[in-house]
Amino acid sequence: MKHTLRITTAFCLPLGALLCLAGCVTMAPKYAQPALPVPATWPTGTAYKASAAKPGDQAAAEIPWRDFFIAPQLQKVIELALANNRDLRVAILNIEKTRALFQIQRAELFPQIDGTAAGSVQRVPADLSTTGQAVISRQYSAGLGVSAYELDLFGRVRSLKDQALEQFLATEEARRAVQISLVSEVANCWLTLAADRELLKLAKDTLESQQSSYTLIRQRYEAGASSLLDLRQAQTRVDSARVDIALFTAQLAQSENALNLLVGTRVPPELLPTKLGAVTVVKELTPGLPSDVLLRRPDILQAEHSLKAANANIGAARAAFFPRISLSSSFGTASAKLTDLFLPGQAVWSFAPQISVPLFDAGSNLANLDVAKAERDIAVAQYEKAIQTAFREVADTLASQGTLGDQLAAQLSLTEATADSYRLSEARYDKGVDSYLVVLDSQRSTYSAQQGLINVRLALLANQVTLYKVLGGGA
């Protein structure tokens, strides 16, 4: 056993020194984060609402979605979506896949040691034997071996490992981006469903009101107090309301289908919304500085990890121009008798280094390097485009936010004014001052203003959800 230990130590020391030497360098260019290709501040002007950051304000990325969406029904719907949505499930599975690929590539940095054991029995006939007699030979062996382990002297394997790591990190950020989008889409779909229910209720209330008016006018027509024109005009409003009810009924069903698809399962009826006021935010969001906000968004981080992966791939392409050294070795014991296999003096070993030097490849390695550099430049452009897209998303949302408050105030005033006009026109018609056409026009304006009020409220809430999303909240 002492003899075996001494051979093993002598075998491992040079191998350990080579392992320490290998993988210590990489030929990848030093990574430098590209400058932000957007202004240092958000746009300003009449369309934008000034909202300076105040002490204690949290960035959207630091506010968990449960703290932002405080409606219990919506929270449960989002939880269902996070558990069942198929797009998010695919993103999570992609993480598992790239993690395994990274582990496979990382394993290339270390030698693969295999244990072997073999035995053979062979009979040689007398006419083929050198002794003129039949011979039975036996051979048994056991050992450990390293096959074609590459000494990573120029960092090729390490660069490939770094590339796989960055690809893994990119898929993790992709999952976060999918989750952020999912949370905001579920919230917006839930809000749209609430708005559709309000629109349907408004149409039903309008039908009921118009049906009553139609009944009164028909009675007046039968009594000779109203004309046939008034009766037909009243009927048009009844039929128009019936058309809207059919339209909003279908629209409501489609919104429910969209929500079920996002959630990945049928949403229980008790979790469906009833009115838009069910969703509020804890505090007003402040956008902060682009450099602080954009670089924390997962889609930007995903693009940056892809850029780093392309940068690492250049190192692997450069290393292909240099010699590649691989080792194959084995150590063990061999004997003609199984009982003597582990006795002193039965040790066998082999050591077979191999070096491969690229001499002529018709420009293949150079082309591979050009491809790697082009992919890096493409990744830079994609990273910059992702930042520019994110900047526009935030700027557009801020522009909407700055005007939606004024729109809501104006729509409220318009709704009240048209309602008063409708009441006055009805009174004037009852007294015979105006025709019923004036009443119909006032009622149509009131109905349209009420629909507009619901849509503006929906847009205001959806803007808050979108701002939370584009600022990186919801992960």
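Position 1 is the first residue of the sequence, and the numbers go up from there.
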Enquirer: Counting C-beta onward and ignoring hydrogens, is there a side-chain heavy-atom pair between Ser326 and Tyr149 closer than 4.5 Å?
Expert: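 Side-chain contact under 4.5 Å: no.
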Enquirer: Check whether the side chains of Thr265 and Asn84 place a donor and an acceptor atom closer than 3.5 Å, and report yes or no.
Expert: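 Side chains of Thr265 and Asn84: no pair found under 3.5 Å.
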Enquirer: Which atom pair, heavy atoms only, marks the closest approach of Gly472 to Ile180?
Expert: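 The pair with the smallest heavy-atom distance is O-CD1, 3.6 Å.
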Enquirer: Does a sphere of radius 6.0 Å around CZ in Arg89 hold more than 12 heavy atoms from other residues, nucleotides or ligands, not counting ones at 6.0 Å or beyond?
Expert: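 Yes, the 6.0 Å shell around CZ holds more than 12 heavy atoms from other groups.
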Enquirer: For the atom pair CG (Leu160) and CD1 (Ile104), what is the distance rounded to the nearest 0.5 Å?
Expert: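 Reported to 0.5 Å precision, the distance equals 13.0 Å.
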Enquirer: Between Gln411 (side chain) and Ala449 (backbone), is there a donor-acceptor pair under 3.5 Å?
Expert: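 Looks like yes, one N/O pair under 3.5 Å.
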Enquirer: Where do Ser181 and Lys469 come nearest, in terms of heavy atoms and distance?
Expert: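 Here Ser181 and Lys469 meet closest at OG-CE, 3.9 Å.
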Enquirer: Is it true that, when you exclude Arg99 itself, more than 12 heavy atoms of the residues, nucleotides or ligands shown sit nearer than 6.0 Å to its CZ?
Expert: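 Count over threshold, so yes.
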Enquirer: Nearest 0.5 Å please: distance from the CG atom of Asp162 over to the CZ atom of Phe102.
Expert: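 It is 8.0 Å, given to the nearest 0.5 Å.
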Enquirer: Without swapping roles, check the side chain of Asn365 against the backbone of Asp361 for a donor-acceptor pair under 3.5 Å.
Expert: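 Such a contact is absent between Asn365 side chain and Asp361 backbone.
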Enquirer: Evaluate Leu453 against Gln450 for side-chain contact (heavy atoms from CB on, under 4.5 Å), listing each step before the verdict.
Expert: CA-CA 5 Å; Leu453 182 60; Gln450 290 172 333; 5.6 Å; no
Enquirer: Could you pull out all residues at least two apart from Leu460 that satisfy side-chain contact (heavy atoms from CB on, under 4.5 Å)?
Expert: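 Leu460 satisfies side-chain contact (heavy atoms from CB on, under 4.5 Å) with Leu404, Leu408 once adjacent residues are dropped.
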Enquirer: For a quick test of reading the model, state the closest non-hydrogen atom pair linking Ile454 to Leu202 and the distance between them.
Expert: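 Taking every non-hydrogen atom into account, CD1-CD2, 4.2 Å.
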Enquirer: Do side-chain atoms of Ser328 reach the backbone of Ala148 as a donor and acceptor pair under 3.5 angstrom?
Expert: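 Side chain of Ser328 to backbone of Ala148: a pair is present.
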Enquirer: Should the pair Arg457-Glu198 be classified as a salt bridge under the 4.0 Å nitrogen-to-oxygen rule?
Expert: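 Salt bridge between Arg457 and Glu198, a charged N being under 4.0 Å from a carboxylate O: no.
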Enquirer: For the residue pair Tyr383 and Pro34, establish whether any side-chain heavy-atom pair is separated by less than 4.5 Å.
Expert: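 Yes, at least one pair of side-chain atoms sits under 4.5 Å.
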Enquirer: With side chains defined as the heavy atoms from C-beta onward, is the minimum distance between Gln73 and Trp190 less than 4.5 Å?
Expert: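 Yes, close enough: below the 4.5 Å cut-off.
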Enquirer: Ignoring hydrogens and geometry beyond distance, is a side-chain donor-acceptor pair present between Thr466 and Thr397 at under 3.5 Å?
Expert: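 No donor-acceptor contact under 3.5 Å links the two side chains.
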Enquirer: Determine the minimum heavy-atom distance between Pro37 and Ile387, stating which atoms define it.
Expert: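 So the two residues come closest at CD-CG2, 3.9 Å.
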Enquirer: Using the side-chain hydrogen bond (donor to acceptor under 3.5 Å, both in side chains) definition, which of the options Lys161, His305, Lys308 pairs with Glu166?
Expert: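 Only one option passes, and that is His305.
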Enquirer: For Gln235 and Arg232, which I'm curious about, is there any donor-acceptor pair between the side chains at under 3.5 Å?
Expert: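 Short answer, yes.
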Enquirer: So does Gln112 have more than 12 non-hydrogen atoms from other groups sitting under 6.0 Å from CD?
Expert: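 No, not enclosed.
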Enquirer: Enumerate donor-acceptor pairs with a distance under 3.5 Å from any side-chain N or O in residues 313-324 to protein atoms, sequence neighbours excluded.
Expert:
from, atom 1, to, atom 2, distance (Å)
Arg318, NH1, Met27, O, 3.0

Enquirer: If the threshold is 4.0 Å, N to carboxylate O, is there a salt bridge linking Arg175 and Glu172?
Expert: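 Counted as a salt bridge, because a side-chain N and a carboxylate O are separated by less than 4.0 Å.
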Enquirer: Any donor and acceptor pair, going by atom type alone, linking the side chain of Ser413 with main-chain N or O of Ala409 inside 3.5 Å?
Expert: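 Not a single qualifying donor-acceptor pair exists.
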Enquirer: Measure from the side-chain N and O atoms of Asn260 to the backbone N and O of Val267, and report whether any donor-acceptor pair falls under 3.5 Å.
Expert: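 Between the backbone of Val267 and the side chain of Asn260 there is a qualifying donor-acceptor contact (under 3.5 Å).
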Enquirer: If you measure from the Lys or Arg side-chain nitrogens to the Asp or Glu carboxylate oxygens, is any gap between Glu62 and Arg296 under 4.0 Å?
Expert: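 Result for this pair is yes, salt bridge flagged.
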Enquirer: Quick one: closest heavy-atom pair of Ser442 and Ser421, and the distance?
Expert: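 Nearest heavy atoms, Ser442 then Ser421: OG-OG, 3.5 Å.
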Enquirer: Pair Tyr422, Ser209 - check side-chain contact (heavy atoms from CB on, under 4.5 Å), show working.
Expert: CA-CA 12 Å; Tyr422 179 43; Ser209 173; 4.2 Å; yes
Enquirer: If we only count heavy atoms from C-beta on, is the Leu36 to Leu295 side-chain gap below 4.5 Å?
Expert: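 Leu36 vs Leu295: side chains touch.
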Enquirer: Check whether any side-chain heavy atom of Phe69 lies under 4.5 Å from a side-chain heavy atom of Ser184, and answer yes or no.
Expert: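 Contact flag for Phe69/Ser184 side chains = no.
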Enquirer: Are the side chains of Leu82 and Val183 in contact, using a 4.5 Å heavy-atom criterion?
Expert: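 Contact flag for Val183/Leu82 side chains = yes.
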Enquirer: Please check if the distance between the ring centroids of Tyr468 and Trp65 is under 6.0 Å.
Expert: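 So the answer is no for these two rings.
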Enquirer: Is the shortest side-chain N to carboxylate O distance from Arg297 to Glu173 below 4.0 Å?
Expert: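 Looking at Arg297 and Glu173, the cut-off is not met.
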Enquirer: Working to the nearest 0.5 angstrom, can you tell me the gap between Arg86 CZ and Leu261 CG?
Expert: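 Rounded to the nearest 0.5 Å, the CZ-CG separation comes to 9.5 Å.
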Enquirer: To the closest 0.5 Å, what do you measure between NZ (Lys201) and OG1 (Thr274)?
Expert: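 Nearest 0.5 Å value for the NZ-OG1 distance: 11.0 Å.
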Enquirer: Rounded to the nearest 0.5 Å, how far apart are OG1 of Thr415 and CD of Gln451?
Expert: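 Rounded to the nearest 0.5 Å, the OG1-CD separation comes out at 10.5 Å.
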Enquirer: Quick check: do Leu80 and Leu271 have side-chain heavy atoms less than 4.5 Å from each other?
Expert: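 Counting from C-beta outward, Leu80 and Leu271 do come under 4.5 Å.
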Enquirer: Taking it one step at a time, do Asp196 and Phe248 satisfy side-chain contact (heavy atoms from CB on, under 4.5 Å)?
Expert: CA-CA 7 Å; Asp196 289 341; Phe248 292 134; 5.6 Å; no
Enquirer: Asn311 and Pro29: which non-hydrogen atoms are nearest, and at how many Å?
Expert: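 Looks like ND2-O, 2.7 Å.
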Enquirer: State plainly whether the residues Asp239 and Arg242 are in salt-bridge range, i.e. N to O under 4.0 Å.
Expert: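 Salt bridge present between Asp239 and Arg242.
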Enquirer: Short question: side chain of Asn85, backbone of Leu262 - any donor-acceptor pair under 3.5 Å?
Expert: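 Pair found, side chain donor or acceptor close to backbone of Leu262.
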Enquirer: With sequence neighbours excluded, tell me which residues meet side-chain hydrogen bond (donor to acceptor under 3.5 Å, both in side chains) with Thr171.
Expert: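 Here the qualifying residues are Thr98.
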Enquirer: Measuring from atom CD of Glu208 to atom CD of Gln210, what distance do you get when rounded to the nearest 0.5 angstrom?
Expert: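 Atom-to-atom, Glu208:CD and Gln210:CD are 11.0 Å apart.
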Enquirer: So, do Arg156 and Glu150 sit near enough that their side-chain heavy atoms are less than 4.5 Å apart?
Expert: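 The answer is yes; the side chains approach within 4.5 Å.
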Enquirer: Working note: Val77 + Leu259, criterion side-chain contact (heavy atoms from CB on, under 4.5 Å); need CA distance, chi angles, decisive distance, verdict.
Expert: CA-CA 9 Å; Val77 173; Leu259 183 61; 4.2 Å; yes
